[in-house]
A.B. asks: 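I am attaching a structure below and will ask some questions about it afterwards.
Chain naming here is simple, since letters A, B, ... match the order of the sequence lines and numbering starts at 1 in each.
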Amino acid sequence: MLDKTFDSAAIETGVYDRWEASGAFSPERALAKDPHAAPFSMVIPPPNVTGSLHIGHALNNTLQDVLIRFERMRGKAALWVVGTDHAGIATQMMVEQQLAAAGNMGRRDLGRDAFVAKVWEWKAASGGTIVRQLRRLGASCDWSRERFTLDEGLSEAVRKVFVALHKQKLIYRDKRLVNWDPRFQTAISDLEVDQREVEGHFWHFAYPLEDGSGEIIVATTRPETMLGDTAVAVHPSDERYKHLIGKCVRLPIVGRPIPIIADEQADPEKGSGAVKITPAHDFNDFRVGQRHRLPMINILDPFARLNDEVPPAYRGLDRFVARKKVVEAIEALGLLRGIETIRHSVPHGERSGVVVEPYLTDQWYVDAKVLAQPAIRAVEEGKTILEPRNWEKTYFEWMRNIEPWCISRQLWWGHRIPAWFGPDGRIFVEETEGEARAAALEHYGRDEPLRQDEDVLDTWFSSGLWPFSTLGWPHETDDLKRFYPTDTLVTGFDIIFYWVARMMMLGLHFTGQVPFRRVVFNALVRDAEGVKMSKTKGNVLDPLELIDDYGCDAVRFTLTAMSGQARDIRLSRQRIEGYRNFGTKLWNAARFCEVNDCRRAPGFDPAGVQHTLNRWIRGEAVKAVAEMTEALAACAFSDAAGTVYRFIWNVFCDWYVELAKPILNGDDAAAATETRATAAWTLQICLKLLHPISPYITETLWAEFGEPAEGMLITAPWPRLRDAWIDAAAEAEVDWLIALIDAVRSIRAETNVPQPAKAPLVLVGAEAATRERLARHGALIERMARLSGIELADAAPAGAVQFVIGEATGALVIADIIDVAAERTRLAKEIAVLGADADRTAKKLANADFVARAPEEVVDENRDRLAEAQSAKAKLENALERLAVLV
RNA sequence: GGACGCGUAGCUCAGCGGGAGAGCACCUCGUUGACAUCGAGGGGGUCGCUGGUUCGAUCCCAGCCGCGUCCACCA
C-alpha cells in the first residue's frame, strides 16, 4: 500500500544500492542477455578529485544519466565510465593549505616525496567525496571500471603518449616566454590565463639620448620592466625618429646604453610612437628581440621578485614594490613625462588569481598545429558532431589558430615527465628510468648519473587521453575494442578547448579514430538573476541541499527540463518546487490505480481494447513513446521532459483518469475490467518514460505496478508500441468529449454558476454521430460537466446560455441564475471575435495572389476556418436574438 | 578588433514562414472517495527597433539598439 503522502526521502533510500547490487550499471548484464547487444558508451568529464558536487556537475551528470538509462533500457550494452581527475594545481594547492592550516611543515620543507605521499593520503581519506555525491544524484555509472588519472594504467598511457610524441618530434623542449604564475611558481598554458579588467596607470618616461642631443619618450604600464629594457623601437617609416635609428639612449637608473631600432612593432599612432623593448618580459618584445638579436635580460626570480640583473637597490624587491620605486626614481631624475589612469586588461592566473608574468624558461611543448589537422578534418567530415552545431565554428577557429601547448608544470602533484638529463644536459626520453639508463649507456658508452626532469605534466594532458586510456589503452582490451570510439560526450562548453579539443587531437593521433561521435554541450547554471554561481558571491545552490529539500527526482527533472539549447540556466527553488509537485502528482495517480484495483492483468494485450477511452489512451501512449524516444535519442532533454510531463499530467491524470472514473464505478463490468487493465498498462508506460529522468520514484512505483518478469525498472525494456494503435475514431471522439466538457465548465465559471450546482444541458442540431456519442458517454459527460441531465431538442429553451460544439449548439439551462446583461455581453464578445476572424479569413481568401500561390492545404484550411467561424457566429447570433426575446 | 548567443505574458523560457504557447506568479471559484505539493475557470503579449524578401514574417535577410559569453590585443 502506498503512503498517503509522497515522501521523496523515504523512497530514495536503498534504491541506489539495489541498482548497484543488481549489476545494472555494467554492460555485462546486457551482454549476458544478448551477446550481440549494440554498445553505447560514454565517459564522464572527470571531476576534480578535490571537488564536491556543485550544481554544474548535477546538471551535467543528470543529463548523462538520463542518456545512459535510456540507452540501457533500449537494450544496449550501456557503459558510462566514471572517474576523477588528479587536478594538479587545485589539489596541490588544497593540500598545501591544509598543511599550513594544521601548522605542519610546508611543501618545500617536507620535500617532494613526503609531500606527494601526503597528497595520496589526503586522496585516500577525502578524495571520495564527489564520487559519493554522484551516487546521491542517482548516477548509474559503472563503478567497477572507476579510474583515476594518476592510477597505474592511466599513468602508463601518459608515459607511452609522451614518449611516442617525443620520438615523433611532436613534443619538444624550448626556451621561450611562458605565462608564469608567481604564486605557484609554475608555467601555465595560454588557456589558464584570464584577462581581467583593472585600474592601472600609463607612465611616460623620457630616455635621454646617449649623445645628449635630446630624449625619446616611451610609455609603459609596467615600469619595473624598464630595468630589463634592451632597446627602444620606432617604426621604420616614422619621420620623427628616422634620424635616431642606430643611435643609443642611456637607460635611466640602470645606465646601460641601448639601441634605437626600427621595427614594425612600434605603432606611430600610439603614444609617442616609440616603444621600449623588454624581450624577456613581454611577448611582443620577445619577437622583436629575436628579430634584432637583442640581449634578453631576465630580471625576475620565480616569485616575481627582482633578481641580480638589476641595480642593487632593487634586488629582491617584489615587482609591485619595484614598480613604485622605479617611478619615484624616474621622477626624481626629472624624466617622468606624464601619468594617465587607465582601465586595461591584465593577465591573471585563473587559479591563483595573481598577475602572471611573461617569463623566460625551458619548457616542454606539444606541436599542437600538427595534431590539430586530423582533429579539424574529423569535425569537418562529421565523424564527430558538436551540438549545438554552432560550437563547431568556435572549435574550428581555435584549432586553426592553435599555438604550441606548454605542457610542463613546475609542480609536484601529477605525472612526472619521463625525461632524464645526462651530466652534459643531454635528454633521454623513455618510458622508464631503466630504458633511459640503457639509452644513456649506449650514448655515453659508460654509466653516467641521470637526473629525472623535476616537472610534471599539465593535468589536461592526461585528461586528453581519458576516452581511450580509461578503456585500457595502450592494451588492446575487450573494452577498448567494444566501447571505443565512445558514442556521446556530454560536457560544458567552457572546456571545449581545454578538454574536448585535446581529446580529439590525442584520440585521433593514437587510435586513428575519433574519441566520440557526438559532443553535446550543456548549459551553464546560473542563479535566478542570471549571475554565474560562485562561493564568493554566496549565490550557490547546493545540489545536495536541494536534493534533501525536494528530492533527487525533482532536482533531476528540473535540470533536465531547463536544459534547453540556451547557454545558461537560471535556477530557482520555486522552479524545483513545481517539478517536485509533478512527482507528487504521479504518486497520487499511482495511488488512484492502487485504490481502484488497476493492476496489471496477466496476458493483457492493448491491441484488443474495445472501449473508446482505452483505445484513445493507447494511441496517446504510442505518440508519447515516439516523441520521448526521438527526443532522448537526439539529446533534446528539455523536449523529453516536456513530453513526459504533459503525458502524465495533462493526458493521463487530467483526462484519462477522470474519464475512467465513471467506467470503473459503472455497470458495465467488461468495460470496467478492461479499463483497469488499460490504466495499469498506461501507468507502466508512464513509469518507463519517466525513469531516465526521475529514477527513484519510478523504480519505487515499479515495485508495485511493474511487470515482475521484467525485473527492476532500471533494466526493464523501453516500450515499443505499434503505430497502428493510434485510433483516429477514438481520438476524434475523446477530443469532442473534452471540448464539450471544457465548454460547459467554462460557461459555468463565467456565468458564476456555483460549483456544486447542477444544470441540464440541451443539445440542438446534433447529427446522428453526435447523438451516438452522447448515448455512449452521457453519464460521463454529466459527471465531468456537473450536469443534471442531457436532452436533445430542435431549439434551445428560453434563457439558456448557449455555446457551439461542432455542428451542434449546446444550451445550458441555468435561467434562474442567469444574468441577462452579462450573458449578452459574453455573447457579443464571442460574436465579435468570431466576426473578426471570419473577416480576416475572408479577406485573405479574396486575395487572388494568396489563393494562387499559397499551398492548397493552407487555402483549404482557411476555407474551413471561414465556414466554421461563420457557422459558429450564426449560432451565437441566434442565441443573442433569443436572449432579447426573453427580456 | 573577431566570433558566438540572446532580446516573445510580471518572471523563466518553448515555438522559428500560414492568426502566439508552457511552467511559475496573479485573480475568481472549489474540502465530489488519487492528489489543496490539488482541481475548475480567468486576466495578461503592436513576439527589441527599422527596413527588405514573400500571397503571408515572431519565425528568413540587412541594418540599428540593448544584454551576455568566448577569443585576440592593448608599449
Side-chain angles (χ1 to χ4, degrees), chain A residues 2 4-6 190-191 195 202-204 218-222 225 232-233 265-267 270-278 282-285 288 342 344-346 388 390-391 393-394 396-398 401 493-494 496-497 524 526 528 530 532 550 554 561-562 564-572 574-575 577-596 638-639 642 645-646 650 653-654 657-658 661 665 741-742 745-750 752-756 783-784 786 836-837 840-841 844 847-855 857-859 861-862 865:
Chain A
L2 298 177
K4 180 151 170 63
T5 49
F6 167 53
D190 300 345
L191 286 175
Q195 299 291 339
F202 204 31
W203 285 275
H204 300 263
V218 295
T220 181
T221 54
R222 297 184 295 152
T225 60
V232 168
Q265 173 68 29
D267 182 349
K270 280 187 189 163
S272 65
V275 57
K276 64 192 267 312
I277 301 296
T278 322
D282 183 283
F283 287 100
N284 288 320
D285 294 2
V288 176
I342 53 165
H344 62 152
S345 51
V346 174
N390 39 285
W391 285 108
K393 191 159 183 179
T394 306
F396 288 139
E397 190 62 25
W398 190 72
N401 298 294
F493 52 76
D494 51 330
I496 183 170
F497 305 138
L524 205 67
R526 297 170 187 273
K532 189 169 175 176
Y550 302 103
M562 296 183 79
Q565 301 280 292
R567 283 208 185 182
D568 50 49
I569 292 180
R570 298 190 179 197
L571 191 66
S572 68
Q574 205 179 38
R575 195 72 191 255
E577 207 173 301
Y579 290 119
R580 187 263 324 267
N581 296 352
F582 172 62
T584 306
K585 188 74 185 175
L586 174 65
W587 184 263
N588 283 305
R591 284 189 66 226
F592 170 86
C593 289
E594 184 180 55
V595 168
N596 287 281
S638 59
D639 291 352
Y645 184 96
R646 282 188 298 274
N650 304 119
C653 293
D654 286 352
V657 166
E658 291 306 323
K661 282 175 182 173
N665 300 320
I741 292 162
D742 271 345
R745 281 175 173 173
S746 179
I747 299 270
R748 290 175 55 104
E750 277 175 44
N752 295 319
V753 176
Q755 204 85 227
R783 180 190 162 119
M784 298 284 288
R786 303 200 62 73
D837 191 52
R840 221 172 308 147
T841 313
K844 202 170 194 176
N847 181 344
D849 278 336
F850 172 72
V851 179
R853 301 190 189 208
E857 63 267 26
V858 174
V859 177
E861 196 184 299
N862 276 273
R865 173 199 279 279

A.B. asks: State whether A:D285 and A:K276 are salt-bridged, where the test is any N-O pair (Lys NZ or Arg NE/NH1/NH2 against Asp/Glu carboxylate O) under 4.0 Å.
C.D. replies: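 A salt bridge is absent here (no side-chain N lies under 4.0 Å from a carboxylate O).
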A.B. asks: Work out how far the C1' atom of B:rA20 is from that of B:rG44, and round it to whole angstrom.
C.D. replies: 13 Å
A.B. asks: Would one find a side-chain N or O of A:K393 under 4.0 angstrom from OP1 or OP2 of B:rA3?
C.D. replies: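 Answer is no, no contact under 4.0 Å.
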A.B. asks: Nearest 0.5 angstrom please: A:E861 CD to A:R865 CZ, how far?
C.D. replies: 7.0 Å
A.B. asks: Using atom C1' of each nucleotide, how far apart are B:rG43 and B:rA25 to the nearest Å?
C.D. replies: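 About 13 Å, rounded to a whole number of Å.
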A.B. asks: Give A:Q195 one of three labels, base, sugar-phosphate or nothing, depending on what nucleic acid heavy atoms sit under 4.0 Å from its own.
C.D. replies: base
A.B. asks: Give the rounded distance in Å between these two atoms: CG of A:D837 and P of B:rA20.
C.D. replies: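 It is 9 Å, rounded to the nearest whole Å.
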A.B. asks: Using whole Å, what does the distance between atom P of nucleotide B:rG56 and atom CD of A:E857 come to?
C.D. replies: 18 Å
A.B. asks: Using the closest heavy atom to pick a nucleotide of RNA chain B for each, name whichever of A:F497 or A:A749 lands nearer the 5' end.
C.D. replies: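 Residue closer to the 5' terminus by nearest nucleotide: A:A749.
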A.B. asks: Would a distance-only check, ignoring hydrogens and angles, find a side-chain to backbone donor-acceptor pair under 3.5 Å from A:Q265 to A:A233?
C.D. replies: no
A.B. asks: Classify the ring geometry of A:W391 against A:F493: parallel below 30°, tilted from 30° to 60°, perpendicular beyond 60°.
C.D. replies: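 Plane angle under 30°, so parallel.
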A.B. asks: Describe the nucleic acid contact of A:N401 in one word from base, sugar-phosphate, nothing, applying a heavy-atom distance below 4.0 Å.
C.D. replies: nothing
A.B. asks: Rounded to whole angstroms, how far apart are CG on A:L586 and P on B:rU37?
C.D. replies: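 Interatomic distance, CG of A:L586 to P of B:rU37: 17 Å.
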A.B. asks: Between B:rG15 and B:rC47, how many Å separate the two C1' atoms, rounded to a whole number?
C.D. replies: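 So the two C1' atoms sit 10 Å from each other.
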A.B. asks: If you round to the nearest 0.5 Å, how far is CZ of A:F592 from NZ of A:K661?
C.D. replies: 5.5 Å
A.B. asks: Checking the side chain of A:S746 only, and the main-chain atoms of A:D742 only, is there a donor and an acceptor separated by less than 3.5 Å?
C.D. replies: no
A.B. asks: Please work out if A:E397 contacts a base, only the sugar-phosphate, or nothing of the nucleic acid, heavy-atom cut-off 4.0 Å.
C.D. replies: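 Nothing, no heavy atom under 4.0 Å.
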A.B. asks: How close or far is atom C1' of B:rC26 from atom CD of A:Q574, stated in whole angstroms?
C.D. replies: 12 Å
A.B. asks: Side-chain contact, heavy-atom cut-off 4.5 Å: A:T221 with A:I342?
C.D. replies: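 The answer is yes, as the side chains (C-beta and beyond) meet within the 4.5 Å cut-off.
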A.B. asks: Indicate, with a heavy-atom threshold strictly under 4.0 Å, whether A:R745 touches base, sugar-phosphate, or nothing.
C.D. replies: sugar-phosphate
A.B. asks: State whether A:S746 places a side-chain N or O below 4.0 Å from either non-bridging phosphate oxygen (OP1 or OP2) of B:rG42.
C.D. replies: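 So the side chain of A:S746 is within the cut-off, an N or O lying under 4.0 Å from OP1 or OP2 of B:rG42.
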A.B. asks: For A:D190, report the nucleic acid contact type (base, sugar-phosphate, nothing); a contact means any heavy atom under 4.0 Å.
C.D. replies: nothing
A.B. asks: May I ask you to decide if A:L586's main-chain N or O and A:R591's side chain share a donor-acceptor pair within less than 3.5 Å?
C.D. replies: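 Side chain of A:R591 to backbone of A:L586: no pair is present.
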A.B. asks: Please report, rounded to the nearest Å, how far the C1' atom of B:rC73 is from the CZ atom of A:F202.
C.D. replies: 13 Å
A.B. asks: Expressed in angstrom and rounded to an integer, what is the separation of A:W391 atom CH2 from B:rC70 atom P?
C.D. replies: 9 Å
A.B. asks: Test side chain to side chain contact (heavy atoms under 4.5 Å, CB included) on A:V346 and A:Q195 and set out the steps.
C.D. replies: CA-CA 5 Å; A:V346 174; A:Q195 299 291 339; 5.7 Å; no
A.B. asks: Tell me, for nucleotides 29-34 of chain B in 5' to 3' order, what letter each nucleotide earns: B for a base near a protein heavy atom under 4.0 Å, S for only sugar-phosphate near one, - for neither?
C.D. replies: BS---B
A.B. asks: Can you check the distance between B:rA3 and B:rU46, where both ends of the measurement are the P atom (answer in whole Å)?
C.D. replies: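 It comes out at 34 Å once rounded to the nearest Å.
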A.B. asks: Taking atom P in both B:rG51 and B:rU58, what distance in whole Å separates the two?
C.D. replies: 14 Å
A.B. asks: How far, in whole Å, is B:rG5 from B:rC60 if one measures between their P atoms?
C.D. replies: 12 Å
A.B. asks: Which residues pass the side-chain contact (heavy atoms from CB on, under 4.5 Å) test with A:N665, not counting sequence neighbours?
C.D. replies: A:R783
A.B. asks: Can you tell me, in whole Å, how much space there is between the C1' of B:rC6 and that of B:rG48?
C.D. replies: 11 Å
A.B. asks: Mind calculating the distance between CZ (A:F283) and C1' (B:rC73) to the nearest angstrom?
C.D. replies: 13 Å
A.B. asks: Nearest of B:rG5, B:rU12, B:rG41 to any side-chain atom of A:M562?
C.D. replies: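 The answer is B:rU12, which lies nearest to the side chain.
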A.B. asks: Do any side-chain nitrogens or oxygens of A:N581 fall under 4.0 Å of OP1 or OP2 in B:rC38?
C.D. replies: yes
A.B. asks: Looking at A:D282 and A:T278, would you say the former's side chain and the latter's main chain have a donor-acceptor pair under 3.5 Å?
C.D. replies: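 Such a contact is absent between A:D282 side chain and A:T278 backbone.
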A.B. asks: Taking only the P atom of each, what is the distance from B:rC73 to B:rC13 in whole angstrom?
C.D. replies: 33 Å
A.B. asks: Calculate the interatomic distance between A:E577 atom CD and B:rC24 atom P; express it in whole Å.
C.D. replies: 10 Å
A.B. asks: How does RNA chain B look in dot-bracket form if you count Watson-Crick and G-U pairs under 3.5 Å, write [ ] for pairs that cross, and put | where a base pairs with another strand?
C.D. replies: ((((((((.[[[[.)..(..]]]].(((((.......))))).....[[[[[..)....]]]]])))))))....
A.B. asks: Counting the atoms with a prime plus P, OP1 and OP2 as sugar-phosphate, which does A:T221 contact under 4.0 Å by heavy atoms, base, sugar-phosphate, or nothing?
C.D. replies: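 Contact class for A:T221: sugar-phosphate only.
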